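I have placed the structure first, in the form of structure tokens, so that the comments after it can refer back to it.
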Amino acid sequence: MSRKQAAAAGSPDDLWERDYHEHDPIASKTFGFWLYMMGDALLFAALFAAYGVLRS
């Protein structure tokens with residue numbers, strides 16, 4: 001059985017094929033968006049906490 005036939009059959013060698021494109025670009029962009037939003041929320045939370053501590 002050739003590597004192409006093995007890939008078509010769903011063998012574990014699928015991940016080593018050069019033509020293996022299984023990631024979803026929309027899911028990657030959505031993950032990046034939420035990662036950015038959480039980082040931004042943490043930054044502003046830290047700024048508000050610093051303001052609250054240094055205000056007194």
Side-chain angles (χ1 to χ4, degrees):
M1 183 184 300
S2 72
R3 290 185 60 83
K4 291 283 184 185
Q5 290 171 338
S11 71
D13 289 335
D14 290 353
L15 296 175
W16 297 105
E17 286 291 323
R18 292 177 190 254
D19 298 336
Y20 187 76
H21 301 289
E22 190 60 37
H23 72 90
D24 182 16
I26 294 174
S28 296
K29 289 180 181 182
T30 303
F31 177 70
F33 167 76
W34 283 112
L35 192 64
Y36 169 77
M37 291 303 285
M38 292 299 114
D40 206 31
L42 284 173
L43 175 69
F44 280 105
L47 288 173
F48 283 122
Y51 174 76
V53 168
L54 297 175
R55 185 177 138 191
S56 58

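Hydrogens, waters and symmetry mates play no part in the numbers below; they use all other heavy atoms, side chains included. Please read all numbers here as calculations on a predicted model, not as lab measurements.
By the 4.5 Å side-chain criterion applied to Ile, Leu, Val, Met, Phe, Trp and Tyr, Leu35 is assigned to a cluster that also includes Phe31.
Looking at residues two or more places apart in sequence or on another chain, you find no side-chain contact (heavy atoms from CB on, under 4.5 Å) involving Leu42.
A 6.0 Å sphere centred on CD1 of Ile26 holds no more than 12 heavy atoms belonging to other residues, nucleotides or ligands.
The hydrophobic cluster containing Tyr36 also contains Trp34, counting ILVMFWY residues as joined when their side-chain heavy atoms lie under 4.5 angstrom apart, directly or transitively.
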